[in-house]
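So you know, we letter chains A, B, ... as the sequences are listed, proteins then strands, and number each from 1.
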There are 2 protein chains.
Amino acid sequence: MGYSIGQVAKKTGLTAHTLRYYEKEGLLPFVKKSGSGLRVFSDSDLDWLVLIECLKGTGMSLKDIKQYIDWYMEGDSTLNQRLEMFKRQKLKLEEQMNQLQKHMEKINYKIAYYTEIIAHGSEGVFERNPELAAERKRVYGK
Amino acid sequence: MGYSIGQVAKKTGLTAHTLRYYEKEGLLPFVKKSGSGLRVFSDSDLDWLVLIECLKGTGMSLKDIKQYIDWYMEGDSTLNQRLEMFKRQKLKLEEQMNQLQKHMEKINYKIAYYTEIIAHGSEGVFERNPELAAERKRVYGK
DNA sequence: TCTTGACTTAGAGTTAACTCTAAAAATTAT
DNA sequence: ATAATTTTTAGAGTTAACTCTAAGTCAAGA
């Protein structure tokens with residue numbers, strides 16, 4: 001029913017240090033304390049951590065995550081701000097995924113290139129493998 | 001034929017400060033200097049910057065990018081290391097794209113959720129929109 | 001009860017990647 | 001020729017996000 005900071009650290013892969021740091025930064029205003037001052041995490045706190053990891057994983061700063069949490073704490077008057085925030089994050093994420101796709105193409109080109117010259121030497125790579133030359137043009141332009 | 005640091009800054013979106021910093025860190029060992037000490041960037045230097053941005057964009061540290069550049073400078077004896085490095089980066093990138101896809105699902109869920117309660121209030125969201133409840137289960141588990 | 005390991009706090013230290021400053025030299029525009 | 005802009009260097013400062021330390025408190029097992 002309640003988890004110690006160490007148990008949560010294990011579950012989430014974050015360190016106890018980091019969890020305390022998040023709390024200090026205002027990212028975990030829900031976590032209760034036991035009579036003697038120990039943190040007691042609930043399942044719902046774990047859900048919050050999942051969301052925090054999600055937003056962090058899409059490049060949101062802890063400061064902006066805190067803004068969202070502050071809005072949440074403020075109640076229904078901030079529903080629109082929260083929705084808009086997720087919409088902005090979705091756009092950012094789409095842009096990010098497109099970027100990663102482009103990066104993937106460059107890396108695939110490099111892998112093909114190195115594989116080819118390791119197998120057959122670097123002289124006349126493109127004559128031997130014209131697809132590689134076409135790929136280069138596509139990936140690096142010009 | 002040759003570009004000043006300011007011109008390169010404009011082209012790449014990096015600042016001149018950042019470009020000098022990259023050079024200091026050993027990421028641009030190709031950039032020439034004019035007789036009077038000004039940096040002169042070539043088109044091939046711009047290609048290097050494209051690759052650096054690609055690797056940085058997939059989460060590689062400047063230190064690891066430098067390692068790659070050092071291998072490149074060392075010549076053909078490091079072809080395998082370089083290939084393996086790109087293969088590792090590809091795996092990392094695939095993992096990253098999967099993660100982003102999962103994050104996207106969570107964000108889509110939140111957008112659907114907030115859109116729904118902004119439109120119809122928060123009471124009985126899931127009764128009114130059972131697909132949302134199913135989505136929640138799928139996205140957040142349990 | 002004793003011991004061992006987990007937890008507490010405040011606060012200091014670390015790391016990566018910039019970001020800026022100042023003073024001088026080079027280049028470009030008028 | 002003069003003024004304005006750009007670039008140079010070394011080195012200091014900043015920021016985000018941890019990461020660790022110390023000194024003490026709490027909890028569980030033998």
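- Here the P atom of nucleotide dT6(D) and the OH atom of Tyr3(B) are 19 Å apart, to the nearest Å.
- Atom CD in Glu23(A) sits about 15 Å away from atom P in dC18(D), given to the nearest Å.
- As a whole-Å value, the separation of Leu19(B) CG from dA17(C) P is 16 Å.
- Ring-plane geometry between Trp48(B) and Tyr68(B) is classed as tilted, the angle between the planes lying from 30 to 60 degrees on a 0 to 90 degree scale.
- Of the side-chain N and O atoms in Ser4(A), one or more sit less than 4.0 angstrom from OP1 or OP2 of dC7(C).
- Residue order along DNA chain D, read from the 5' end via each residue's closest nucleotide, puts Ala16(B) first among Ala16(B) and Lys24(B).
- Of the side-chain N and O atoms in Tyr22(B), one or more sit less than 4.0 angstrom from OP1 or OP2 of dC18(C).
- Atom pair Lys56(B):NZ and dA16(C):C1' shows a separation of 11 Å (rounding to whole Å applied).
- At dA27(D), one or more side-chain N or O atoms of Ser36(A) fall inside 4.0 Å of OP1 or OP2 (strictly under the cut-off).
- In this structure, CG on Leu51(B) lies 8.5 Å from CE on Met60(B), to the nearest 0.5 angstrom.
- Picking from dT21(D), dT7(D), dC18(D) the nucleotide with the shortest atom distance to the side chain of His17(A) gives dT21(D).
- Phosphate proximity of dT9(C) to Arg39(A): present, with a side-chain N or O under 4.0 Å from OP1 or OP2.
- Heavy-atom contacts from other residues, nucleotides or ligands closer than 6.0 Å to NZ of Lys92(A) number more than 12.
- For Arg20(B), no side-chain nitrogen or oxygen approaches OP1 or OP2 of dT7(D) to under 4.0 Å.
- Listed candidates were dT8(D), dA17(D), dC18(C). Nearest to the side chain of Leu38(B) is dT8(D).
- Between the CD atom of Glu53(A) and the C1' atom of dA17(D) there is a distance of 12 Å, given to the nearest Å.
- The interatomic distance linking Tyr21(B) (OH) with dG13(D) (P) rounds to 17 Å, in whole Å.
- The separation between Lys10(B) atom NZ and dT6(D) atom C1' is 11 Å, rounded to whole Å.
- Candidate nucleotides dT7(D), dC18(C), dA17(D) were compared by shortest atom distance to the side chain of Thr18(B), and dC18(C) ranks first.
- When rounded to the nearest whole Å, the span between CG of Asp64(B) and C1' of dA16(C) equals 12 Å.
- Side chains of Ser42(B) and Asp45(B): a donor-acceptor N/O pair is present below 3.5 angstrom, by distance only.
- Residue Lys33(A) places at least one side-chain N or O closer than 4.0 Å to OP1 or OP2 of dT9(C).
- Listed pair Ser34(B) / dA26(C) fails the phosphate criterion, with no side-chain N or O lying under 4.0 Å from OP1 or OP2.
- Of the residues near DNA chain C, Gln7(A) and Gly37(B), the one whose nearest nucleotide (by heavy atom distance) lies more toward the 5' end is Gln7(A).
- Side chains of Tyr22(A) and Lys56(A): a donor-acceptor N/O pair is present below 3.5 angstrom, by distance only.
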